[in-house]
Enquirer: 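My questions all concern the structure below.
Please read these numbers as outputs of a predicted model, since none were measured by experiment.
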Amino acid sequence: MYLPIQVGKSLSKLDLRIQGDNSGEHISEKNRNYCELTALYWAWKNLDADYIGLAHYRRHFCLNRKKDKWSSVLNASDVARVLKEAPVILPKKRNYLIETNESQYLHAHHREGWEAMYRIIASDYPECLPALNRMRESRKGHRFNMCIMRQDYFRAYCAWLFDILFKVEKSIDISGYSVSEARVFGYLGERMLDVWIDANQIPYREAGVVFMEKQNWLKKGLNFLKRKFT
């Protein structure tokens, strides 16, 4: 069920000999700012399937975690079983414990993108404002821009997401951002998923996420605390 996609293909001389995100209608050239969302956009504009989703080369959906050992990466039969219960699969929520989604973002990233996102949603999608405020104040959220959705939900979500992100892109200046911070639209997309799910009352089920590379959780935790308190 997996289609490997080389993201940012328009920006790279490297050819992995897999599907690139630069065919058909695409935003491949925006990959340094949109990250994996260039693959999401490509899938929206160029794929025809009953269900469409996104995982990463570094992160995949899996079933459950038991005794610190992950079960295997989701396969087609796993997905079919879960989708009988709900039309959308999301990764298990991340819990920030001592931070809200908003404070965590503002301690880690430039505030201009966040403020532009809020302003545009409030202006163009006022029906989503209550869900946006709940996301801001919550300490939990689905991350990584990972999802599997029934086609009608997927297309509605992408139309909403990219309409807002393109407007944010036009309204802020990121020319002075670092390489990491220039990925602002990918970071915003992670937070916006919960807003759309909540505002539209979309039923979903959660799956685990397996990291394909070793994670230095101590370093991540110390950086999290450093951003909050300094």
Enquirer: Under a 3.5 Å distance rule, please check whether Asp198 uses its side chain to pair with a backbone N or O of Asp194 as donor and acceptor.
Expert: no

Enquirer: Could you state the interatomic distance from CG (Asp21) to OG (Ser23), rounded to the nearest 0.5 Å?
Expert: 8.0 Å

Enquirer: Would you find a donor on one side and an acceptor on the other, under 3.5 Å apart, between the side chain of Ser123 and the backbone of Ile120?
Expert: no

Enquirer: Find the distance between CZ (Arg183) and CD (Glu190) and round it off to the nearest 0.5 Å.
Expert: 9.0 Å

Enquirer: So, Glu102 and Tyr118: side-chain donor and acceptor under 3.5 Å apart, yes or no?
Expert: no

Enquirer: Are any of the side-chain heavy atoms of Leu83 and Tyr51 separated by less than 4.5 Å?
Expert: yes

Enquirer: I need the Phe211 CZ to Arg58 CZ distance, nearest 0.5 Å.
Expert: 8.5 Å

Enquirer: At their closest point, which heavy atom of Ala131 faces which heavy atom of Val195, and how far apart are they?
Expert: CB-O, 3.6 Å

Enquirer: Show the nearest heavy-atom pair for residues Glu181 and Ala108, with the distance to one decimal.
Expert: OE2-O, 3.3 Å

Enquirer: Just wondering, do His60 and His56 contact through their side chains at under 4.5 Å, heavy atoms?
Expert: no

Enquirer: Within the distance-only criterion (no hydrogens, no angle test), does the side chain of Asn31 pair as donor or acceptor with the backbone N or O of Leu11 below 3.5 angstrom?
Expert: no

Enquirer: Between the side chains of Glu29 and Tyr34, does any donor sit under 3.5 Å from an acceptor?
Expert: no

Enquirer: Any side-chain donor-acceptor pair under 3.5 Å between Gln104 and Arg94?
Expert: no

Enquirer: Does a side chain donor of either Asn22 or Gln6 reach within less than 3.5 Å of an acceptor in the other side chain?
Expert: no

Enquirer: Between Phe185 and Tyr125, is there a shared hydrophobic cluster once you connect ILVMFWY residues whose side-chain heavy atoms come closer than 4.5 Å?
Expert: yes

Enquirer: Answer yes if Tyr153 and Leu37 sit in the same cluster of Ile, Leu, Val, Met, Phe, Trp and Tyr residues linked by side chain heavy atoms under 4.5 Å apart, and no otherwise.
Expert: yes

Enquirer: Hey, do the aromatic rings of His142 and Tyr204 have their centres closer than 6.0 Å?
Expert: yes

Enquirer: Shared ILVMFWY cluster between Met146 and Leu54, side chains joined below 4.5 angstrom?
Expert: no

Enquirer: Do other residues, nucleotides or ligands put more than 12 heavy atoms under 6.0 Å from Lys167 NZ?
Expert: yes

Enquirer: Keeping Asn46 on the side-chain end and Ala43 on the backbone end, is there a donor-acceptor pair under 3.5 Å?
Expert: no

Enquirer: Working to the nearest 0.5 angstrom, can you tell me the gap between Arg143 CZ and Asn101 CG?
Expert: 4.5 Å

Enquirer: Check for a donor-acceptor pair, side chain of Asn200 on one end and backbone N or O of Ile202 on the other, with a separation under 3.5 Å.
Expert: no

Enquirer: Among Trp160, Phe154, Phe162, find the one that has a ring-ring contact (aromatic ring centres under 6.0 Å, His included) with Trp44.
Expert: Phe162

Enquirer: Can you measure from SG (Cys147) to CD1 (Ile197) and round to the nearest 0.5 angstrom?
Expert: 8.0 Å

Enquirer: Where do Asp15 and Lys9 land on the salt bridge (Lys or Arg N to Asp or Glu O under 4.0 Å) test, with the steps shown first?
Expert: CA-CA 8 Å; Asp15 184 0; Lys9 183 73 179 293; 3.6 Å; yes

Enquirer: With distance as the sole criterion, is a donor-acceptor pair present between the side chains of Gln151 and Asp50 under 3.5 Å?
Expert: no

Enquirer: Decide salt bridge (Lys or Arg N to Asp or Glu O under 4.0 Å) for Glu206 and Lys92; before the verdict, give the C-alpha distance in whole Å, the side-chain angles of both, and the deciding distance to 0.1 Å.
Expert: CA-CA 5 Å; Glu206 293 182 341; Lys92 290 193 175 187; over 6 Å; no

Enquirer: So do the side chains of Ser72 and Cys62 get within less than 4.5 Å of each other, counting heavy atoms only?
Expert: no

Enquirer: Give, for atom CH2 of Trp196 and atom SG of Cys128, the distance between the pair rounded to the nearest 0.5 Å.
Expert: 10.0 Å

Enquirer: Would Tyr187 and Tyr96 show up in the same hydrophobic cluster when neighbours are defined by side-chain heavy atoms closer than 4.5 Å?
Expert: no

Enquirer: Verify the cluster assignment for Met117 and Phe144: are they in a single hydrophobic cluster under the rule of side-chain heavy atoms below 4.5 Å apart?
Expert: no

Enquirer: Where do Leu74 and Tyr2 come nearest, in terms of heavy atoms and distance?
Expert: O-OH, 2.7 Å

Enquirer: Counting C-beta onward and ignoring hydrogens, is there a side-chain heavy-atom pair between Glu112 and Ser171 closer than 4.5 Å?
Expert: no

Enquirer: Just so I know, are the side chains of Tyr105 and Arg136 near enough to count as touching, which here means a heavy-atom distance under 4.5 Å?
Expert: no

Enquirer: Are any side-chain N or O atoms of Ser138 and backbone N or O atoms of Met135, one a donor and one an acceptor, separated by less than 3.5 Å?
Expert: no

